[in-house]
**Q** 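Quick one: the structure is below, questions incoming.
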Amino acid sequence: MTVNRSLSNVIVLISGSGSNLQSLIDNADDIGIKIECVISNKADAFGLERAKKAGILTKFISHTQYDSRESFDNALTQHINTFNPKLILLAGFMRILSADFINAFTGKIINIHPALLPKFKGLNTHQRAIDAGEKYAGATVHFVTNELDSGAIILQKSITIKATDDAESLAKKVLEQEHILYPEAIKKILLS
Ligand code: GAR
């Protein structure tokens, strides 16, 4: 039996390949979302092509055109506000967001991070996990707050780090898990 749910409108922010975006696009109906617009701060982000192919609006806002983080974030806020989204999903968006931006959308911004938070916040997570002799790597979906990679955790998925793994092989394996995790986490929030 099909259960009719109204779709929640979301905005996705990207900076690169957009494989997580692709997973959100592919699972949008099951998650219960309509992606209103994909915004990138990089003109050549492949995720913009993925969005166009799926018939989703795209917007490029270059951070290099603004003289401060705050003014770039202000332009981002204004564009996002035209859609009045229920959620803003960061999918490989590689910019730190200012307090004003985060406060404008309290409780609505969600990020996927390639580590088992609270371990390995920030960049270069896989090499740092290997160097630290960790047994497990993984990914975390969490709410975005003013403290980097520290908001409430929604869901995590872990994989075993093998002796033969390097940062590249780990990144590939974790990314495969991210593609399952992000849709599950968004669905969970929307159903809660
Ligand atoms: C993903 O691994 C995501 O977790 C990570 O960037 C990659 C984007 O891949 N995000 C961060 O590191 C955020 N700090 P994708 O563009 O193929 O989705």
**Q** How far does OG of Ser8 sit from CD1 of Ile33, to the nearest 0.5 angstrom?
**A**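 Between Ser8 OG and Ile33 CD1, I get 8.5 Å after rounding to 0.5 Å.
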**Q** Quick check on the hydrophobic clustering: are Phe46 and Val12 connected, directly or via other members, by side-chain heavy-atom contacts under 4.5 Å?
**A**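 In one cluster: no.
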**Q** Establish, from distance only, whether the side-chain atoms of Ser150 and Lys121 form a donor-acceptor pair under 3.5 Å.
**A**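 On atom types as modelled, these side chains qualify, holding a pair under 3.5 Å.
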**Q** Of all the heavy-atom pairs spanning Leu97 and Ile102, show the shortest one and how long it is.
**A**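 So the two residues come closest at O-CD1, 3.7 Å.
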**Q** At their closest point, which heavy atom of Ile35 faces which heavy atom of Leu21, and how far apart are they?
**A**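 Looking at all heavy atoms of both residues, the shortest contact is CD1-CD1, 4.3 Å.
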**Q** Applying a strict under-4.5 Å side-chain criterion to I, L, V, M, F, W and Y, I'd like to know whether Ile109 and Phe93 cluster together.
**A**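 Yes, Ile109 connects to Phe93 through the hydrophobic network.
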**Q** List the atom of Val174, the atom of Ala139, and the distance in Å for their closest heavy-atom pair.
**A**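 Looks like CG1-CB, 4.0 Å.
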**Q** Within a reach of under 6.0 Å around NZ of Lys119, are more than 12 heavy atoms found that belong to other residues, nucleotides or ligands?
**A**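 At most 12 heavy atoms, drawn from other residues, nucleotides or ligands, come within 6.0 Å of this atom.
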**Q** For the residue pair Asp30 and Pro183, establish whether any side-chain heavy-atom pair is separated by less than 4.5 Å.
**A**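 No, their side chains stay 4.5 Å or more apart.
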**Q** Quick check: do Pro114 and Glu178 have side-chain heavy atoms less than 4.5 Å from each other?
**A**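 Yes. Closest side-chain heavy atoms under 4.5 Å.
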**Q** Do Gln22 and His179 come close enough that some side-chain heavy atom pair is under 4.5 Å?
**A**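 The answer is no; the side chains never approach within 4.5 Å.
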**Q** Without hydrogens or angle criteria, can the side chains of Gln156 and Thr140 be said to hold a donor-acceptor pair below 3.5 Å?
**A**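 On atom types as modelled, these side chains qualify, holding a pair under 3.5 Å.
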**Q** Identify the two heavy atoms, one from Ser15 and one from Asn41, that lie closest to each other, and give their separation to 0.1 Å.
**A**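 Looks like OG-OD1, 2.7 Å.
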**Q** Asp165 side chain to Ile161 main-chain N or O, any donor-acceptor pair under 3.5 Å?
**A**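 No; judged by distance alone, with no hydrogens or angles, the pair does not exist.
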**Q** State, to 0.1 Å, how close Ala104 and Thr77 come at their nearest heavy-atom pair, and which atoms those are.
**A**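 Here Ala104 and Thr77 meet closest at CB-CG2, 4.3 Å.
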**Q** How many angstroms lie between OH in Tyr182 and NZ in Lys157, if you round to the nearest 0.5 Å?
**A**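 Answer for the OH-NZ pair, Tyr182 versus Lys157, is 15.5 Å.
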**Q** Just checking, any donor-acceptor pair under 3.5 angstrom between side chains of Glu70 and Asn74?
**A**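 Judged by distance alone, the side chains do not pair up.
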**Q** Got a donor-acceptor contact below 3.5 angstrom from the Asn111 side chain to the Val144 backbone?
**A**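 Between the backbone of Val144 and the side chain of Asn111 there is no qualifying donor-acceptor contact (under 3.5 Å).
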**Q** Do Leu76 and Ile88 share a hydrophobic cluster, counting only Ile, Leu, Val, Met, Phe, Trp and Tyr and linking them when any side-chain heavy atoms are less than 4.5 Å apart?
**A**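 Yes, Leu76 and Ile88 fall within the same hydrophobic cluster.
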**Q** Could you state whether Phe72 and Leu90 fall into the same hydrophobic cluster, counting links through intermediate Ile, Leu, Val, Met, Phe, Trp or Tyr residues with side-chain heavy atoms under 4.5 angstrom apart?
**A**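 Yes, Phe72 connects to Leu90 through the hydrophobic network.
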**Q** Take Leu24 and Asn20 through the test side chain to side chain contact (heavy atoms under 4.5 Å, CB included) and record every step on the way to the result.
**A** CA-CA 6 Å; Leu24 294 171; Asn20 276 294; 5.6 Å; no
**Q** Under the criterion side chain to side chain contact (heavy atoms under 4.5 Å, CB included), I'd like the reasoning laid out for Lys187 against Ile189: C-alpha separation, chi angles, the key distance, then a yes or no.
**A** CA-CA 6 Å; Lys187 191 172 179 179; Ile189 295 160; over 6 Å; no
**Q** Transitively linked via ILVMFWY side-chain contacts under 4.5 Å: Phe120 with Leu175?
**A**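 Shared cluster, no.
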**Q** Using the rule given for side chain to side chain contact (heavy atoms under 4.5 Å, CB included), can you reason through Ile11 versus Leu87, listing the C-alpha separation, both sets of side-chain angles and the distance that settles it, and then say yes or no?
**A** CA-CA 7 Å; Ile11 300 293; Leu87 295 174; over 6 Å; no
**Q** Checking the side chain of Ser62 only, and the main-chain atoms of Thr64 only, is there a donor and an acceptor separated by less than 3.5 Å?
**A**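 At least one qualifying donor-acceptor pair exists.
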**Q** Keeping the roles fixed (side chain from Thr160, backbone from Tyr136), state whether a donor-acceptor pair exists under 3.5 Å.
**A**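 Side chain of Thr160 to backbone of Tyr136, a donor-acceptor pair under 3.5 Å: no, none is there.
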**Q** Working to the nearest 0.5 angstrom, can you tell me the gap between Phe143 CZ and Ile153 CD1?
**A**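 Here the rounded value is 12.0 Å.
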**Q** Describe, in one word, how the ring planes of His142 and His113 are oriented to each other, choosing from parallel (under 30°), tilted (30 to 60°) and perpendicular (over 60°).
**A**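 The arrangement is perpendicular - the two ring planes meet at more than 60°.
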**Q** So does Lys173 have more than 12 non-hydrogen atoms from other groups sitting under 6.0 Å from NZ?
**A**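 Enclosed.
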**Q** What is the distance from atom CD1 of Ile96 to atom CG of Asn146, rounded to the nearest 0.5 Å?
**A**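 One gets 11.5 Å once the value is rounded to the nearest 0.5 Å.
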**Q** Using a 3.5 Å distance criterion without hydrogens, assess whether the side chain of Lys52 forms a donor-acceptor pair with backbone atoms of Leu57.
**A**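 Such a contact is absent between Lys52 side chain and Leu57 backbone.
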**Q** Rounded to the nearest 0.5 Å, what's the gap from CZ on Arg69 to CZ on Phe101? Could you check?
**A**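 Answer rounded to 0.5 Å: 12.0 Å.
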**Q** Quick one, Ile110 and Ile186 - any side-chain contact, counting heavy atoms below 4.5 Å?
**A**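 With C-beta onward as the side chain, the pair touches.
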**Q** CZ of Arg128 to CG of Leu123: how many Å apart, nearest 0.5 Å?
**A**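 So the CZ of Arg128 and the CG of Leu123 are separated by 8.0 Å.
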**Q** Could you tell me if Arg50 and Ser17 have a donor-acceptor pair between their side chains, going purely by distance under 3.5 Å?
**A**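 The criterion, which ignores hydrogens and geometry beyond distance, is satisfied for Arg50 and Ser17.
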**Q** I need the minimum non-hydrogen distance between Asn81 and Phe105, along with the two atoms involved.
**A**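 Reported closest heavy-atom pair: OD1-CE2, 3.5 Å.
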**Q** Is the side chain of Ser40 donor-acceptor paired with the backbone N or O of Ala43 at a distance under 3.5 Å, no angle test?
**A**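 No, because the side chain of Ser40 does not come within donor-acceptor range (under 3.5 Å) of the backbone of Ala43.
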**Q** Do Ser169 and Asp166 pair up side chain to side chain, a donor and an acceptor below 3.5 Å, judged on atom types alone?
**A**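 Distance-only check passes for Ser169 and Asp166.
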**Q** CG of Leu191: more than 12 outside heavy atoms within 6.0 angstrom?
**A**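 Count over threshold, so yes.
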**Q** Go through the steps to decide whether Leu13 and Val38 satisfy the test side chain to side chain contact (heavy atoms under 4.5 Å, CB included), and finish with yes or no.
**A** CA-CA 6 Å; Leu13 303 189; Val38 171; over 6 Å; no
